[in-house]
Structure formats: structure tokens, C-alpha cells
Amino acid sequence: MLDIKFIRENVDIVQRAIKNKNEKCDLKMILELDKKKQKLQFDYDTLRAEQNRVSKQIPELKKQNINATELIKEMQNISKKVKALSTELSEVSVKFENELLCIPNISHKEVPIGGESENKFIKEWGSKKTFTFKPKDHLVLSEKNDLLELKRASKLTGTGFVGYKNKGALLERALINFMLDFHIWKHGYTEVSLPVLVNRKTMIGTGQLPKLEDDMYRIEQDDLFLVPTAEVSVTNLFAGEILPVKMLPQKFVSYSPCFRREAGSYGKDTKGLQRIHQFNKVEIVRFVQPESSYQVLEEMLKDAEDILQALGLHYRAMTLATGDLSFASAITYDLEVWAPGAGKYLEISSVSNFEDFQARRASIRYRDIDDKVRFVHTLNGSGLATPRTFIALIETYQNEDGSVTVPDVLVPYLSGLKKL
RNA sequence: GGAGAGGUGACCGAGUUGGUUGAAGGUGCGCGCCUGCUAAGCGUGUGUGGGGGUUAAACUUCACCGAGGGUUCGAAUCCCUCCCUCUCCGCCA
């Protein structure tokens, strides 16, 4: 959420930000609602002050045995007016708040403007592996080694739901543990394991709602949502709190299943593990003071990169252009891992700085050394999602006979198994 | 799911015949003093958000005692709905 004061004073900037992110919000209406709300608030306050003042006199009069029925009668009118104003005010306020929640975050000045084609290359690590044979894709390799349970899993739920099996299940579990351990012991994150079912307020806090309701799985009976990422539960951990400054920074790593309806993306990258409705991910989240968030963003990018490097997977890093940037993010780096069998890069991690956008929505603040209360900055990054890591890994480490060599760092996590 | 208890400021905890209680008291924390030692004492200050006001403060006003409604001239206090926590029972892993 943006600060309404900022919006009032920077209408052009906000308008441009909306356009750059291809959002549709009626900024003009929001400003009108804002004005209307302010006026109503003023009228209400004035009348209430009067009401409070007189109401205090009544017990005084009674004490002195003076008849107050006249005065009370008078006040009945004011009471009615107060009620009417209050109703109107809360109606306008609700409308205003709802509209305000639909304004996206403003992108950082270094973010390229435009659609996906404007995503900017930052760097790459390693190089596309060369093979003496034609590399197979993950579907063929999985079939050959009995790693996945695709058809039967979709029987259970539907298309877009997958199962891991045999050494494939082992490998996926190994990846999760390896990544968790890496972030905990090498990067100093604290692990949290939180509910994957969250309420509406929580989903609003991180910015999934109201905009993306159609992309979320919802349990209608209880009005709960399945999280699309652990970011949601972890970021909202401090919702509504004012943290003492000594509690900052906080760095969390959390493994969770993620649920995404992927509404409107049917037919795109649907093969195997590429785009699925449920997958596992290890997520890193940080709460920091504003002045350090951009330095921390770089650190987090490196944290995600470290995993790929440890696994020996070639990747490149991109800065997402405004049109590709998520609603709540100010800047996002995407890591794209090379999948030799598929012959393309797969988005495997997003590392984002939300600045105070989520903190405002979820009201996550801290008391600074000067005793002022300020919003924290929140950041998160995938570190990493397992399905595409799985793809890149088996495609990269495949042998001509279709077997897969386990990279050294994962061997201990596979109980010494060196080949799939 | 059934029965009961409860949700007040950073924390603990008063406040239920509605009215100087935005909230006693305590703890913690800030500042000052005293004293000097493994600490204590004394004084003083200490919520958030919105509006007005100021160069900035001061000051002023409104709202907030789980959330939302209602009753009333007036509600933390009464009524209704919902949420959450705890205890016991049942059920299930």
C-alpha cells in the first residue's frame, strides 16, 4: 500500500507507476474519495467534540439537581446527526481503503520500463553444458528412471498436479533439506515452518489480495486460502506489531508447499514439472530497516545464487521490467537456470524488495533509535523452488545411457547414492 | 462438536449499579538527581492513528480497551453477531 500523503503529492509518479505495471486503477476516484473522507472526518470530529462536551455537563447538572431533560432532548438531535455522519464516513472509508489496496507498488528507478522483452540481463554464472550426445529432457529421463508419477497424480487431482516417486522423491526431498541447511548454516537464516492455510487478512498483507483472488486456491467454508508461497505466512508473522529496533534485521528461511491456480496460463509450459499447481519451495524472507534494504537485496540474490552454484547449475540473472514485475514489488531479480534437455532457461527464483509496501498493508513497524515508529522494509526470494531445480539438475547431470549422476553436495542427502 | 473462563497500553494488571478512565497500580524502558558498587533510592517522562496548528515544537481535536453492529444525551463498562486464547469433555491423527 502506498502512503496516501505521498499519492496526494505525487499524482504523476503514481499514475505512471500504474501504467508501467499495466494495472487499472482509477486514481482520480481515489483522490476524490480521499477528499470526501477528509471532509466527512472533519465534520464528524467537530460534531463529536460538541457531543462529548455537552455529555460531560449532564452529570454535573444532575449533581446540582438541575433538570437536564431540555438539554438531553437537544442532544438527541445531535446524536442522530453524529450517527448519520458516522455511517457515511465509514462507507466512504471502506471504499477508499479498498481502492487504495488496488494501487501497485512503484517500481525502483533502475527497473526497465516495458514488458517481458525489456527484462535486463545482469550477469550469468557458468555456461551451457555441452554434451557428446543429444541431451534428453526431464520427462524422458524421469520416465527412464521412474522418478515421477505424473499421470496417476493428475488422476488424483487434475492436470497440473504431479507426484514424485522412488529416487525422484528422494531427490526432491534431498533438495529441500540441502537448501534449508545451506541457508541456515551458511547464510545464517532462522528456520520457520508455518501454516500453509491462511486467512484473508494475511493474503491482503503481502499483496496477493484483492488483485489475485482468481489465482489463489480458496477454502470457501472457512474463507481461508492456500498460500502461493511461504512469503505470505512468513512476512505476515509480524503483522500489526511494532518491533524494537534491536529485533532487526530478521532473516527467515521457510520450506512450504505452494499452491497456484495459474488461471489463464493454460497451454503454457505445461510439460511435466515446468508449471504446476502445487510445488515445494524453500523461501528466504527478511525484515530490515529501510536504509539497508537495497544492500540486503543484493545479499539475498547472492544467497539464491549460492545454491545454484553449489549445485553446479548454469544460470543467468535478470532485472524484471515493470510489466513483468509483481504488484507489490519495487524491484525483482529473476534467476533463470539452464535446462539442457529443454534447451531453454527456466525461471527458478525471484528475489524482490517490497520496500515498505507490504509493511504498510500488514502494519509491520519498528521503533527506531530516535523513538519514532517507522515501517520496516520486507524482502523475499526463492531459494529455490524444487520442480525446476529438479528439471535443471537431472538434465544437466544426465549421462548418455539416461542415468543421472548426483552432484557431490547432494550425495550425503541421498544417503550416499551417487547415481539415479 | 459440547460445557465453562477470558480477550484492556511494551508487559502484568485494576476498572462490570454506564458519566473528569486514554485508561489506577505495578514492571520494563527513557531522562534527571543522589549515592557509590556487584545494586538500590528519589523525581520525572513513556501508546497508535487521523485532523487542525507550528519553521519545528508547544498546543488542540477526533478515534481506538479482540472485530463489527446496537441501546443511550453519554459505553472499556449493557445487548447482539463474529474472531481468537485457555480449561474440561467428546472425536480424530
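Just so you know, these numbers use all the heavy atoms, side chains as well, and skip hydrogens, waters and symmetry mates. First the proteins, then the strands, lettered A, B, ... as listed; each starts at 1.
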Among [options], the nucleotide that comes nearest once only the side chain of [X] is considered:
X	options	value
A/P59	B/C62, B/G19, B/U48	B/G19
A/M75	B/C73, B/C62, B/U48	B/C73
A/K83	B/U71, B/G74, B/A63	B/U71
A/R8	B/C73, B/U48, B/G51	B/G51
A/I242	B/G74, B/U48, B/U61	B/U48
A/K5	B/G19, B/G51, B/C62	B/G51

Respond yes when some side-chain nitrogen or oxygen of [X] is under 4.0 Å from OP1 or OP2 of [N], and no when none is.
X	N	result
A/N52	B/C62	yes
A/Q51	B/C73	no
A/S79	B/U72	no
A/R53	B/U61	no
A/R365	B/G49	yes

In terms of side-chain geometry, is the basic nitrogen of [X] or [Y] positioned less than 4.0 Å from the acidic oxygen of its partner?
X	Y	answer
A/D303	A/R286	yes
A/K211	A/E23	yes
A/D214	A/R261	no

With RNA chain B as reference, determine whether A/R48 or A/K56 sits nearer its 5' end, using the nearest nucleotide of each.
A/K56
Heavy-atom nearest nucleotide on RNA chain B taken for A/L71 and for A/Y44; more 5' hit belongs to A/Y44
Please report the distance, rounded to the nearest Å, between [atom1] in [X] and [atom2] in [N].
X	N	atom1	atom2	result
A/E97	B/A63	CD	P	18 Å
A/L89	B/G68	CG	P	13 Å
A/D45	B/U61	CG	C1'	7 Å
A/Q38	B/A63	CD	C1'	15 Å
A/D43	B/U61	CG	C1'	14 Å
A/K73	B/G74	NZ	P	16 Å
A/Q41	B/A63	CD	P	9 Å
A/I369	B/C31	CD1	P	13 Å

Using atom [atom1] in both nucleotides, what's the gap between [N] and [M] to the nearest angstrom?
N	M	atom1	answer
B/U8	B/G22	C1'	11 Å
B/U81	B/G19	P	25 Å
B/U71	B/G13	P	34 Å
B/U20	B/U61	P	16 Å
B/U77	B/G2	C1'	30 Å
B/C29	B/U72	P	48 Å
B/A14	B/G9	P	13 Å
B/A24	B/G32	P	25 Å

Counting Watson-Crick and G-U wobble pairs only, both distances under 3.5 Å, name the nucleotide matched with [N], or none.
N	answer
B/C92	none
B/C29	B/G45
B/C86	B/G4
B/A14	none
B/A76	none
B/U55	none

Look at the rings of A/F287 and A/F238 and say which category their plane angle falls in: under 30° parallel, 30 to 60° tilted, over 60° perpendicular.
perpendicular
Parallel under 30°, tilted from 30 to 60°, perpendicular over 60°: which one fits the rings of A/H183 and A/H187?
tilted
Determine the sole option in A/D324, A/T319, A/T332, A/D334 for which the side chain to side chain donor-acceptor pair (under 3.5 Å) test with A/N119 is passed.
A/D324
A/L171 vs A/I394 side-chain heavy atoms within contact, under 4.5 Å
yes
Treating A/S55 as the side-chain partner and A/Q51 as the backbone partner, does any N or O pair qualify as donor plus acceptor under 3.5 Å?
yes
